[in-house]
Amino acid sequence: QMCKALEYLKKKDMGHFDIKPENIIYNDLLESIPFGKRFKLIDFGFSDKYPFKNYRNNICGSLFYIPSRINMCDCPEWCNNIDCNDWKYNFEEGKHTHITETSKEFKLIYKSDIYSMGITFNQLLYYIKHYFTINSLILFENIDQLQHLISAMTLANIYKRFSIEQCLDHTLFK
């Protein structure tokens with residue numbers, strides 16, 4: 001459902017730019033709501049609209065979820081600490097710019113949200129695995145497919161990283 005939310009944002013020419021577990025809510029109060037519609041993406045404080053003029057020149061989001069080259073020391077265990085090529089630091093100007101500033105392929109910015117969602121999935125999966133391990137439970141059978149999807153969502157190279165269409169077309173969702 002979260003991938004569907006990203007697809008919806010893309011159709012509306014929007015990027016969220018602060019996807020993390022704290023910005024996903026779950027409503028289980030109403031039994032009449034189907035399970036697949038109980039999750040919502042919230043907090044659009046960093047969001048931007050195509051062609052993303054604000055986001056392209058202003059690195060924003062939450063630490064560990066941003067696809068950047070920022071060296072993150074003291075990473076939590078669930079964080080992959082991936083050295084992505086989304087953002088470049090210009091030493092002369094003393095600022096970060098998104099790769100799209102030089103490539104002019106502004107639609108690539110949607111893959112920054114894909115990365116953040118992949119890191120979010122990775123974090124949740126880390127805690128799910130931990131819970132199942134300490135309680136001697138058997139993990140669900142699609143774990144390898146989910147890990148493959150997370151890997152494709154969090155590739156360091158933005159050009160090779162999955163698009164939202166590839167995420168939704170992944171075998172996990174078929």
Side-chain angles (χ1 to χ4, degrees), residues 1-10 14-47 59-87 108-174:
Q1 185 181 349
M2 290 294 91
C3 287
K4 284 285 196 186
L6 291 182
E7 179 185 46
Y8 177 80
L9 288 177
K10 184 178 178 189
M14 293 291 298
H16 189 278
F17 308 124
D18 195 25
I19 296 172
K20 57 186 177 182
E22 296 87 346
N23 288 340
I24 298 171
I25 60 171
Y26 174 73
N27 183 354
D28 67 348
L29 299 178
L30 299 172
E31 291 181 17
S32 61
I33 298 174
F35 179 77
K37 296 190 180 218
R38 293 184 185 179
F39 296 89
K40 303 289 181 203
L41 190 56
I42 62 169
D43 189 358
F44 286 81
F46 288 128
S47 66
I59 191 168
C60 60
S62 297
L63 189 61
F64 309 124
Y65 301 94
I66 304 167
S68 68
R69 291 185 184 269
I70 297 172
N71 185 10
M72 298 182 273
C73 53
D74 297 327
C75 290
E77 291 180 56
W78 53 262
C79 184
N80 293 348
N81 197 11
I82 300 167
D83 189 18
C84 296
N85 68 341
D86 296 41
W87 289 92
L108 281 174
I109 289 180
Y110 293 115
K111 290 187 175 186
S112 293
D113 273 349
I114 299 294
Y115 175 89
S116 299
M117 187 65 74
I119 293 296
T120 299
F121 290 167
N122 191 63
Q123 179 184 6
L124 296 173
L125 183 59
Y126 173 84
Y127 288 113
I128 289 168
K129 284 180 177 178
H130 178 72
Y131 175 81
F132 275 65
T133 300
I134 64 171
N135 290 297
S136 301
L137 299 171
I138 299 171
L139 280 170
F140 47 93
E141 60 188 56
N142 290 353
I143 192 88
D144 291 337
Q145 291 177 355
L146 180 57
Q147 287 176 315
H148 178 265
L149 176 62
I150 290 169
S151 294
M153 293 174 79
T154 58
L155 286 172
N157 187 334
I158 194 170
Y159 292 101
K160 294 180 179 179
R161 189 177 308 144
F162 265 19
S163 66
I164 189 57
E165 294 81 9
Q166 289 171 306
C167 290
L168 290 170
D169 199 35
H170 191 269
T171 56
L172 182 64
F173 301 118
K174 292 185 178 197

Any pair counted as side chain to side chain donor-acceptor pair (under 3.5 Å), so long as it reaches residues 116-127, sequence neighbours left out: Y65-Q123, E77-Y126, N80-N122
Measure the shortest side-chain to side-chain distance between [X] and [Y] over non-hydrogen atoms and say whether it is less than 4.5 angstrom.
X: C75; Y: F64; result: yes
X: F46; Y: N23; result: no
X: I59; Y: S68; result: yes
X: T154; Y: F121; result: no
X: Q166; Y: D169; result: no
X: L125; Y: I143; result: yes

Which residues share a side chain to side chain donor-acceptor pair (under 3.5 Å) with H148, sequence neighbours left out: H170
Listed partners of S62 passing side chain to side chain donor-acceptor pair (under 3.5 Å), at least two apart: D18, K20
What are the two closest non-hydrogen atoms of [X] and [Y], and how far apart are they?
X: D83; Y: A156; result: O-CB, 3.5 Å
X: P67; Y: C84; result: C-CB, 3.7 Å
X: G118; Y: M153; result: N-CE, 3.6 Å

Using 0.5 Å steps for rounding, measure from the [atom1] atom of [X] to the [atom2] atom of [Y].
X: I24; Y: L41; atom1: CD1; atom2: CG; result: 6.0 Å
X: I19; Y: Y115; atom1: CD1; atom2: OH; result: 12.5 Å
X: Y110; Y: M14; atom1: OH; atom2: CE; result: 9.0 Å
X: I119; Y: I82; atom1: CD1; atom2: CD1; result: 4.5 Å
X: M2; Y: L6; atom1: CE; atom2: CG; result: 8.0 Å
X: N85; Y: I158; atom1: CG; atom2: CD1; result: 6.5 Å

More than 12 heavy atoms from other groups under 6.0 Å of OH on Y8: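 No, not enclosed.
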Backbone of G15 reached by a side-chain donor or acceptor of D113 within 3.5 Å: no
Selection residues 154-167 - residue pairs positive for salt bridge (Lys or Arg N to Asp or Glu O under 4.0 Å), sequence neighbours left out: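 Counting only pairs at least two positions apart or across chains, the salt bridge (Lys or Arg N to Asp or Glu O under 4.0 Å) contacts touching residues 154-167 are K10-E165, D86-R161.
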Under the side chain to side chain contact (heavy atoms under 4.5 Å, CB included) test, residues paired with N135 that sit two or more places apart: Y131, L137
Counterpart residues, salt bridge (charged side-chain N to carboxylate O under 4.0 Å, His left out), relative to K4 (two or more places apart):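 Per chain and number, K4 pairs via salt bridge (charged side-chain N to carboxylate O under 4.0 Å, His left out) with E7.
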